[in-house]
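Structure record follows, encoded as structure tokens.
What you are looking at is a predicted structure, and each value in this text was computed from that prediction instead of being measured. Here is the naming used below: chain letters follow the sequence lines, and residue numbers restart at 1 for every chain.
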2 protein chains.
Amino acid sequence: MDVRAKPKSRKSRLSEDQQPAEKRTRIQAINRGLIIDAALDIFSTYGFRGSTIDQIAEKAGMSKPNLLYYFPRKDDIYVTVLEKTLEEWLDPFEAIDPDGDPIEELRRYITLKLEMSARKPEASRLFANEILHGAPRIGHFLQTHLKKLVREKAAVLSRWTSEGRLAPVDPYHLIFSIWAMTQHYADFDVQIRAVLGHQVDQPGHHEQTAQAVLTILLNGIRPRS
Amino acid sequence: MDVRAKPKSRKSRLSEDQQPAEKRTRIQAINRGLIIDAALDIFSTYGFRGSTIDQIAEKAGMSKPNLLYYFPRKDDIYVTVLEKTLEEWLDPFEAIDPDGDPIEELRRYITLKLEMSARKPEASRLFANEILHGAPRIGHFLQTHLKKLVREKAAVLSRWTSEGRLAPVDPYHLIFSIWAMTQHYADFDVQIRAVLGHQVDQPGHHEQTAQAVLTILLNGIRPRS
DNA sequence: GTACATTTTGACCAATCAGTCAAGTTTTTG
DNA sequence: CAAAAACTTGACTGATTGGTCAAAATGTAC
């Protein structure tokens, strides 16, 4: 269940790359990587305005002017990181198989998203922060690419419902619900930790979470008599 | 279903009031109100670091030094607004009645939360933003008051389950799920609008949302054969 | 090794913004 | 109405921070 599979030469969706990847030197590849990793960390913790270039440079182990040599503007770093995050984020959604078994496909998708939330919560938080503040940089992307993608998947869910293989439920809201519940575990981690205490660091906790979320989504909370 | 009912002389939970409310003059009451309303708007849109005192002052219709006359520090405004938000936020949760009918109580709570998300999404976003950034100002509150409150309600849910009046599901994760789904509609409003289009502004849309969320949570998505 | 290109950095600049202050205006009080 | 209290504000300050620049250091190609 490795979701890190690289997107197959898919074009960047948010902006054109300033520089074709092939033209990059070895040093550039390394340093851009260091910067992006550091930036994800800092931006997801403090937000765009709350983060400083100095912080990112420090974390990446280089001077500020050096960092600006690779990404001339603060915005460039941010957009690059956001873009990478978005791609990784949507891959498993695209992978929902219209020809698979409905419950199994959704179970797999939900499990995958929960794993991502546990493994890389920074990515989820970066995205959440951008949306929360009105998505100033990805509004267009949401209205075009994401809208289309969701419409396609909603159609699949609709068909499953009409075939009686899924409970009759609005497919859009079902998608939103899955997103809500899975991302919540990354975005509201602090709150969950505060409430559950150290229990969240114990082995098996993620499995328990997955179990609970799947139970609620699949079976609902009304007792089956 | 009015949730604006004022908390019954409950003590502030985050910080002591700088000044007892009785000592406030008429002008103070008015201006503090204007500031708090403006601040909720600005802070929820731009985050703490992204908001400036000038913006808030402008929105409140007064000069910056004037605003600082009422709240000496930027932080003071923020904490005050956060505190008010938190109270309003938890009231309906506290109101879950251990002696009521489980499904009805949860249905009421979920409906109420969805209404709040639709009516005052700024409050939800302000809270989400604070949690997302590590809850630097309310960490203690979460670990004490909220933790205790959730434990109490989780015990009620547990009992309901053991009485067979609720499906067997981890009570903590059930609470998290409800929070996730209801807040999602406020926090990710931009995304939902992008996907659903202008449909969200049509009359009856909130009812439709509530219907879908309740169906999923109550009945799950697995078809009942 | 040498010439050229790439990478790195200290020192600096300009804009933004939280917060101060002293001098004014308005409101309340007796 | 007079004095005191409460309120308001223009002009300022110091700290932070995004971004520049020219010179130095390092890496690469022949």
Rounded to whole Å, please give me the gap between [atom1] in [X] and [atom2] in [N].
{"X": "K74(A)", "N": "dT17(D)", "atom1": "NZ", "atom2": "P", "result": "9 Å"}
{"X": "D75(B)", "N": "dC17(C)", "atom1": "CG", "atom2": "P", "result": "17 Å"}
{"X": "N31(A)", "N": "dT26(D)", "atom1": "CG", "atom2": "P", "result": "15 Å"}
{"X": "L34(A)", "N": "dT8(C)", "atom1": "CG", "atom2": "P", "result": "10 Å"}
{"X": "Y78(B)", "N": "dG19(C)", "atom1": "OH", "atom2": "P", "result": "15 Å"}
{"X": "I30(A)", "N": "dT8(C)", "atom1": "CD1", "atom2": "C1'", "result": "15 Å"}
{"X": "I35(B)", "N": "dC7(D)", "atom1": "CD1", "atom2": "C1'", "result": "12 Å"}

Would you say dT28(D) has OP1 or OP2 under 4.0 Å from some side-chain N or O of R26(A)?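 Indeed, a polar side-chain atom of R26(A) lies that close.
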
Any side-chain N or O of Q28(B) below 4.0 angstrom from OP1/OP2 of dA6(D)? no

Can you tell if the side chain of E152(B) reaches within under 4.5 Å of the side chain of L149(B), non-hydrogen atoms only?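 Side chain of E152(B) against side chain of L149(B), heavy atoms only: contact under 4.5 Å found.
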
Contact check, side chains of H184(B) and S177(A), non-hydrogen atoms, under 4.5 Å: no

Once salt bridge (Lys or Arg N to Asp or Glu O under 4.0 Å) is applied, do any residues pair with K74(A), and if so which ones, sequence neighbours excluded?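 Here no residue qualifies.
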
Over 60° means perpendicular and under 30° means parallel, so classify the ring planes of Y172(B) and F176(B), tilted if in between.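 The rings of F176(B) and Y172(B) sit tilted, inter-plane angle from 30° to 60°.
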
Which class fits the ring pair F43(A) and F48(A): parallel under 30°, tilted 30 to 60°, perpendicular over 60°?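 Geometry flag for F48(A) against F43(A): parallel rings.
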
Residues from residues 44-70 of chain B lying under 4.0 Å of DNA chain D - heavy atoms: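 Residues of residues 44-70 of chain B that come under 4.0 Å of DNA chain D are, in numerical order, R49(B), S63(B), P65(B), N66(B), Y69(B), Y70(B).
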
For DNA chain C, whose closest nucleotide is more 5', that of R73(B) or that of I27(B)?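 Its nearest nucleotide lies further toward 5', so the answer is R73(B).
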
Is the distance from the ring center of F188(B) to that of W179(A) below 6.0 Å? no

